Structure formats: structure tokens, C-alpha cells
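Have a look at the structure below, then the notes.
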Number of protein chains: 2
Amino acid sequence: MCVTFVFYFKVMSENLKLSNQVCFPVYTLAKEVINLYRPMLKDLDLTYPQYLVMLVLWESGEQHVSEIGCKLHLDSGTLTPLLKRLEQKKLIERNRNKNDERIVQISLTPSGKKMYEKAECIPDQMASSFNIPINQLQELKEIIEQILIQINK
Amino acid sequence: MCVTFVFYFKVMSENLKLSNQVCFPVYTLAKEVINLYRPMLKDLDLTYPQYLVMLVLWESGEQHVSEIGCKLHLDSGTLTPLLKRLEQKKLIERNRNKNDERIVQISLTPSGKKMYEKAECIPDQMASSFNIPINQLQELKEIIEQILIQINK
DNA sequence: CACAATTAAATTGTACACAATTTAATTGTG
DNA sequence: CACAATTAAATTGTGTACAATTTAATTGTG
């Protein structure tokens, strides 16, 4: 009886159950947090990756495409079209570097700089729309940053 | 002197610095973990979202497009073309429900079922490629799941 | 029963994300 | 100096992700 039991039921490996996946909640959370940003960013007519590019330009000023890519972990295949869209919206300028024509310098236009003022309230808006204790968010951030260091070793 | 200091330096709000963003590490981790899956999934000729669909089919068997969408938080705009690709690869079948023609039933083909055996090693491979202590991963998963519950309230 | 409302997928359109390749400029080496 | 190697972006192609709309089937209500 015990033997037939073993033969009749092929047990689903616990490992492959959705509920036991670690990556799945990370993937889901990333999408859902970006969905929370969406209405706020819509007011600025920005997508989340476009907002990230604006953040690094506000923080560090004019820089190469590859510097932005390094900070945001994005390659030129993603950035080139994204930057062209920001250029069309007159938020940035793209100029070839005079000393090295391979390099494209990305800089903010006056209206790109001005958008900073409108964006300042976003972190607080997010924090309130998103009813999680600060210490829990801090803990999440620290664990993820440790894991990212491990992955990138 | 102090007054001129205030006027001359416009201070970047700490809130908008990339290093203080919580969403950015979540977004980065999701992409990087999917990149770790990529070489393993390439052997199965699956993308990460396709792998997730296979997981729910292996776990729960035949089901509606919308049931898969509910479990994976994906809509028909994403799932319809993805499922057509899995169908082209002969891993699944798509059939209209006889009782309600609006519903499309998704079921595994024999080769879709068989792929389960090849996929069984993936969680262990991931765990080893990814040098993070198990308890830290467990903690990450628990925090994220709590946050997802909050967000979906 | 008729028909408005609802539902499930599919479709359309925009925007990443990334692999692989190409183009053009610069650097290193014989 | 010539030319192979390298580098930075751009390009090409595939596959999500999601908003908005459409299509077709079903349900609810007068």
C-alpha cells in the first residue's frame, strides 16, 4: 500500500512552486511600485526610466550617455531612444563631445532644470501613498543593496 | 556671508538623490535577478515571464488566461502574445471553453509537461549562482510580501 | 424575450530591456 | 605612420508591460 502510494502520486517539487520563488516577489514588487509612480509621473509626462535619467542629471549635471548607463544599469540600446524622447520633450540636449566625437554629452535644458521643482514633492507623495513603516522600507533597501553587491561581485 | 551662502548654493533635496530612492534598488534587483535566470532559461528556450507561466501550469494544471493573469499580475495585453509564443513552441494549447466561448483554456502539451523535468534543477542552480545566505533571502521575501499586501489593500 | 451592461480576450500603440551587430572615432603597437 | 584593437553610441530585432480600445459572448433586468 505504501509502495503504490509512492508510485501513484508524482509529487510537485516544492522548489518550483510559485509561492517558494524569491525572484517572483521582487519582480512583482518592482512592477507594482512603478505602477504607484505612474500617476505622479504622468503629471510630468515622464515614464519611470525617464524619471531616473532626470534624477541623475539633476544630481550630477551634464554627463556622457555611458555614465548615465552605468548609474542606472542601462545600455545604449535602451538609453539612445529614451534620451531622444527626452530631447523631443525639450528636457535635455544631446551633443557630441568636441574632443572625442564618439561621446554624446547629455545636459539639461532650462525647462529640464525647472522640472526639478515639480518633482520635489514626488518622494513624499510616494511615501504617503504607500503605507509602509519607514524602518521596514529602510530594511528592504539595505537587504537589496547587500544582495546587489553580492550579485555584481 | 552666511546669507550669500544660502543664495549661491541651491541645495539638492536629499529626497531626490538616487541613493535615497527605495524603488530604484527594487527595480535594479528585479532586472539583475532576471539576468541571472537568463542563461539557465536559455537552455529551455524560455524568457522569465514565459517560465512563470510554465510554473503556474505545472503547479495548477489547465486554467483560464485570466487565472494565469491573476496569479502573475499580468493582463491579456501581455499574456495573449506570450501564450501564442508558448503555443508556437508546442508547450501549451489554447482552446476556447465549450460552455463559455469568451474563455480561453490554457493546457500543457506532453512536451510542456516534460519540460518540468529539465526545469527542476533551476531553483538549486539559482541558489548557488547567487551567493546569498538563505535566511537573508527568506527575510527579503517576507518583507516584500508584506509590502505587496499593503500595496494591494 | 430584448437589450443594456458586463466580462474575457484580443488588438493597437507606446515605451522599455537587452542581445547582437554596426558605425564611427580613438588608441595602441609594430 | 599604418592598421588592428578598442571604445561609445546607434541600430536591429525580439519580447515584455501596460493603457486604451475593440470584439464577441454572456448575464442581468425591465
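From a predicted model like this one, the values you see are computed outputs, not experimental measurements.
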Roughly how many Å is it from [atom1] in [X] to [atom2] in [N], rounded to a whole number?
X: B:Asn97; N: C:dA10; atom1: CG; atom2: C1'; result: 17 Å
X: A:Glu101; N: C:dA25; atom1: CD; atom2: C1'; result: 8 Å
X: A:Lys98; N: C:dA25; atom1: NZ; atom2: C1'; result: 16 Å
X: B:Leu83; N: D:dG15; atom1: CG; atom2: P; result: 14 Å
X: A:Lys84; N: D:dA9; atom1: NZ; atom2: C1'; result: 10 Å
X: B:Gln105; N: C:dA8; atom1: CD; atom2: C1'; result: 12 Å
X: B:Leu46; N: D:dG15; atom1: CG; atom2: P; result: 12 Å
X: B:Arg96; N: C:dT7; atom1: CZ; atom2: P; result: 18 Å

Margin query: Here's a test of your reading of the structure: between B:Asp100 and A:Ile103, which maps to the more 5' nucleotide of DNA chain D?
Written below: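 Counting from the 5' end, the first nearest nucleotide belongs to A:Ile103.
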Item checked: Under 4.0 Å protein heavy-atom contact, by nucleotide of nucleotides 13-21 of chain C - B base, S sugar-phosphate only -> --SSBBSS-
Note to self: Students often mix this up, so state it plainly: with edges at 30° and 60°, are the rings of B:Tyr37 and B:Tyr48 parallel, tilted or perpendicular?
What the structure shows: tilted
Checklist line | Nearest atoms (heavy-atom pairs only) where A:Leu108 meets A:Lys113 | finding: CB-CG, 3.8 Å
Next item on the list: Specify the closest pair of heavy atoms between A:Val33 and B:Cys23, including all atoms of both residues, with the distance to one decimal.
Entry: CG1-SG, 3.2 Å
Who is the Watson-Crick or G-U wobble partner of [N], with both distances under 3.5 Å?
N: C:dG13; result: D:dC18
N: D:dT23; result: C:dA8
N: D:dG28; result: C:dC3

Next item on the list: Might you work through the side chain to side chain contact (heavy atoms under 4.5 Å, CB included) test for B:Leu72 and B:Leu55, ending with a clear yes or no?
Entry: CA-CA 10 Å; B:Leu72 302 182; B:Leu55 285 186; over 6 Å; no
Note to self: Is the phosphate of C:dA10 approached by B:Arg94 (side-chain N or O, under 4.0 Å from OP1 or OP2)?
What the structure shows: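 So the side-chain polar atoms of B:Arg94 do come within 4.0 Å of the phosphate oxygens OP1 or OP2 of C:dA10, strictly under.
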Item checked: Members of residues 59-69 of chain B that approach DNA chain C, where some heavy atom sits under 4.0 Å away -> B:His64, B:Val65, B:Ser66
Check: Does one side chain, of A:Gln138 or A:Glu142, offer a donor that lies under 3.5 Å from an acceptor on the other?
Finding: yes
Next item on the list: Decide, yes or no, whether a salt bridge links B:Glu87 with B:Lys84 under the criterion of side-chain N to carboxylate O below 4.0 Å.
Entry: no
Notebook entry, point to check: Should the pair B:Glu145-B:Lys141 be classified as a salt bridge under the 4.0 Å nitrogen-to-oxygen rule?
Noted result: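 Looking at B:Glu145 and B:Lys141, the cut-off is met.
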Notebook entry, point to check: When we call it a touch if two heavy atoms are under 4.0 Å apart, what does A:Asn99 touch: a base, just sugar-phosphate, or nothing?
Noted result: sugar-phosphate
Check: Looking at side-chain heavy atoms only, is the closest gap between B:Leu46 and B:Leu91 below 4.5 Å?
Finding: yes
Checklist line | Between NZ on residue B:Lys71 and OG1 on residue A:Thr28, distance to nearest 0.5 Å | finding: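 These two atoms lie 14.0 Å from each other.
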